[in-house]
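Here's the structure, in structure tokens; my notes come after.
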Number of protein chains: 2
Amino acid sequence: MDTKVFAHHDHAACQAEGIAVAAAVCAQKGLRLTPQRRRVLEILLSRHRAMGAYAVLAILRGEGMGNQPPVVYRALDFLVKHGFAHKIERLNAFIACTRPGAPHAPAFLICRTCDTVAEAHIDPGGGTLGDEAGAAGFTIERTVVEALGLCPKCRDAA
Amino acid sequence: MDTKVFAHHDHAACQAEGIAVAAAVCAQKGLRLTPQRRRVLEILLSRHRAMGAYAVLAILRGEGMGNQPPVVYRALDFLVKHGFAHKIERLNAFIACTRPGAPHAPAFLICRTCDTVAEAHIDPGGGTLGDEAGAAGFTIERTVVEALGLCPKCRDAA
DNA sequence: ACTTGCATTGTTATATGATAACATCACTTA
DNA sequence: TAAGTGATGTTATCATATAACAATGCAAGT
Ligand SMILES: [Zn+2]
Ligand SMILES: [Zn+2]
Ligand SMILES: [Zn+2]
Ligand SMILES: [Zn+2]
């Protein structure tokens, strides 16, 4: 799990690696990491928080890289579709993936005080829910798992 | 788990019980299950599907029980706050609780074909995620767990 | 009955999140 | 060059949710 995000870490490396991996995966799969898409990913990578589409759009606007909602939604759709970003349903917001390229079932730890979001990885068919789904004949294709609470730093501060 | 919702069952009993339990809990806790709130709960209980706030509002309108968004959002807030309904984050929609009154951590199985939603119950601090959160010092207060896939009926039909 | 306080409801307006539709541009390939 | 495809620009609109304030209803205490 990437709970390092709750503590000090080499964040410049986070960002650089995120972009580098995305670029490598795109090159390998024949996808086009266009300037807009790359910039949106950079924006998401700039912090370990989820950002709303319109917050991203505001930044793009300031840089002359797009003025209308579809611009940012298209970029976000691309990033989410290919696993470079995730949508946090609870927040209607988006965050860069910390394990891009590799297929995985993400889960998120969301601090209600500082809004930091850590990405964990789970077995989508595992646990109690997987057992019950199996017993009921329900086929799980995708999971949304988001835990809300307090990160260690904010808990200690309280 | 209430996966009976994927098959034939005595649904009239579902509805009657939902209302009866809500009324009993409200009486016991000094809450007011007003006509509007009761009616919204009845609407949610009418099917094992999540309904958008505006879909509920459309029904209320047809019955002269409210014309503006705040009417339905207030009723939904009340029902969610006191555990008579849940919000499905993935769908921006609401569903009646199948275990009202008792505190619980719900999880949902959402069929992408027929839109039926079953409510399961999980241990919020259990499983891989709970372990990882504990290891990271993250305190889980609430969980959003939504599995998307195919219910047995729709899978057999495919 | 009166009044005081508080929860609920009515209503207007607006904020926030997301997509449809269509024109234009750019890059690839025949 | 021409056609085909994917990406971008742009307008308009839809969908979801809340702020703010007025009016009403209800209960407790006098
Ligand atoms: Zn980092
Ligand atoms: Zn925090
Ligand atoms: Zn039923
Ligand atoms: Zn189904």
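Order of the sequence lines sets the chain letters (A, B, ...), proteins ahead of strands, with each chain counted from 1. Being a predicted model, the structure only gives us computed values, none of them experimental.
- From A:L60, atom CG reaches atom CD of A:Q68 across 12.0 Å, with rounding to the nearest 0.5 Å.
- Between the P atom of C:dT11 and the CG atom of B:L57 lies a distance of 13 Å, rounded to the nearest Å.
- Within the 4.0 Å cut-off from OP1 or OP2 of D:dA12, not a single side-chain nitrogen or oxygen of A:Q68 is found.
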In 5'-to-3' order, the base (B), backbone-only (S) or no-contact (-) status of each nucleotide in nucleotides 24-29 of chain D, using a 4.0 angstrom heavy-atom cut-off, is --S---
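- At distances below 3.5 Å, at least one donor-acceptor pair connects side-chain atoms of B:R61 with backbone N or O atoms of B:N67.
- A 4.5 Å side-chain heavy-atom check between B:P69 and B:L57 finds at least one atom pair inside the cut-off.
- Between B:F78 and B:H82, the ring planes are tilted. Angles from 30° to 60° get that label.
- Atoms NE2 and NE2, from A:H104 and A:H121 in turn, are 4.0 Å apart once rounded to the nearest 0.5 Å.
- Between A:R39 atom CZ and D:dA7 atom C1' there is a gap of 19 Å when expressed in whole angstrom units.
- Proximity of A:Q36 to the phosphate of D:dA7: no side-chain N or O atom is located under 4.0 Å from OP1 or OP2.
- Taking CD1 of A:I110 as the reference point, atom CD of B:E141 lies at 12.0 Å (rounded to 0.5 Å).
- Using a 4.5 Å cut-off on side-chain heavy atoms (C-beta onward), A:V117 and A:H48 make no contact.
- Rounded to an integer number of Å, the gap from B:L60 CG to C:dG10 P is 10 Å.
- Closest-nucleotide positions on DNA chain C for B:L31 and B:V71 were compared, and the one nearer the 5' end corresponds to B:L31.
- One interatomic measurement links the two molecules: CD1 of B:I88 to P of D:dT16, which rounds to 14 Å at whole-angstrom precision.
- Computed from coordinates, the B:R38 CZ to C:dT8 C1' distance equals 17 Å when rounded to whole Å.
- Under the 4.5 Å side-chain criterion, counting only non-hydrogen atoms from C-beta, B:M51 is in contact with B:I59.
- Rounded to whole angstrom, the span from the CG atom of B:L33 across to the P atom of C:dT9 amounts to 10 Å.
- Per the geometry, CD belonging to A:E89 stands 12 Å off P belonging to D:dA17, to the nearest Å.
- When the C1' atom of C:dT8 is taken as reference, atom NE2 of B:H82 falls 13 Å away, rounded to whole Å.
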In the 5'-to-3' direction, what one-character label does each nucleotide of nucleotides 17-25 of chain C receive under the scheme B = base within less than 4.0 Å of a protein heavy atom, S = sugar-phosphate only, - = no such atom? BBBBBB---
Working note: A:L79 + A:F94, criterion side chain to side chain contact (heavy atoms under 4.5 Å, CB included); need CA distance, chi angles, decisive distance, verdict. CA-CA 10 Å; A:L79 295 174; A:F94 301 82; over 6 Å; no
